[in-house]
Amino acid sequence: MTWAAIQSDLNASVLRPFGEVVTITQGAVTTEVVAVITKMAGPWLNDGVVQISQHIWQGLIMISDLVTEPVLGTTLTTEAGVVYVVDQPPAHDNGMYSLILKRRPT
């Protein structure tokens, strides 16, 4: 088994119990994937400046689940109808996209 396969299996094992199905809309393309969306509670880096905020949302999605990389403005919609928008370019970490999101008001 390759490192990439082990990494993919581990990522999937994290997403299954903690994730939820979201619909990702990138232009005219929509894709359903499992993502973990959480409110960040610690410091984070924004344009080289450390900030602490309770209002920043983070999404984790397996890179292999998407055909193209999420871009600014890509939306994630949960089954409950909550909409998040990609607010910063994604970070790539161990086979996962780490997305900084903004939650749209409902």
Side-chain angles (χ1 to χ4, degrees):
M1 184 175 256
T2 66
W3 175 249
I6 292 169
Q7 192 175 51
S8 181
D9 288 348
L10 288 172
N11 288 340
S13 70
V14 168
L15 289 175
R16 262 190 305 276
F18 299 109
E20 61 183 306
V21 175
V22 299
T23 301
I24 297 182
T25 305
Q26 296 175 294
V29 178
T30 60
T31 308
E32 281 195 358
V33 298
V34 175
V36 174
I37 298 176
T38 56
K39 187 182 274 190
M40 293 179 67
W44 59 284
L45 196 60
N46 183 19
D47 292 328
V49 178
V50 175
Q51 297 184 3
I52 298 175
S53 172
Q54 296 297 317
H55 304 288
I56 299 302
W57 295 88
Q58 179 184 37
L60 295 173
I61 300 170
M62 288 181 53
I63 291 173
S64 60
D65 285 348
L66 297 176
V67 176
T68 60
E69 182 174 290
V71 296
L72 299 179
T74 296
T75 61
L76 288 75
T77 307
T78 68
E79 289 182 325
V82 179
V83 178
Y84 299 90
V85 180
V86 175
D87 190 48
Q88 295 184 23
H92 307 94
D93 190 26
N94 296 318
M96 301 276 270
Y97 286 123
S98 176
L99 306 171
I100 301 298
L101 306 169
K102 282 197 176 179
R103 184 175 173 171
R104 284 194 184 156
T106 53

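As the structure is a computational prediction, the values presented were derived from the model and not from experiment.
Across Val71 and Gln26, no two heavy atoms sit closer than the pair N-NE2, 4.4 Å. Taking all atoms of both residues into account, the shortest heavy-atom contact from Leu99 to Pro90 is CD2-CB, 3.4 Å. Taking each heavy atom of Trp57 and Lys39 in turn, the nearest pair found is CZ2-CE, 3.4 Å.
The residue from Val36, Val34, Leu76 that alone fulfils the side-chain contact (heavy atoms from CB on, under 4.5 Å) condition with Ile61 is Leu76. Of the residues listed (Gln88, His92, Gln58), the one engaging Ser98 in a side-chain contact (heavy atoms from CB on, under 4.5 Å) is Gln58, and it is the only one. Between Leu101 and the options Val83, Val86, Thr74, Asp87, a side-chain contact (heavy atoms from CB on, under 4.5 Å) holds for only Val86.
To the nearest 0.5 angstrom, Lys102 atom NZ is 15.5 Å from Thr75 atom OG1.
Side-chain contact check for Ile37 versus Arg103: every heavy-atom pair is 4.5 Å or farther apart.
Residue Val33 is not grouped with residue Val85 when hydrophobic side chains (ILVMFWY) are merged at heavy-atom distances under 4.5 angstrom, including chains of intermediate members.
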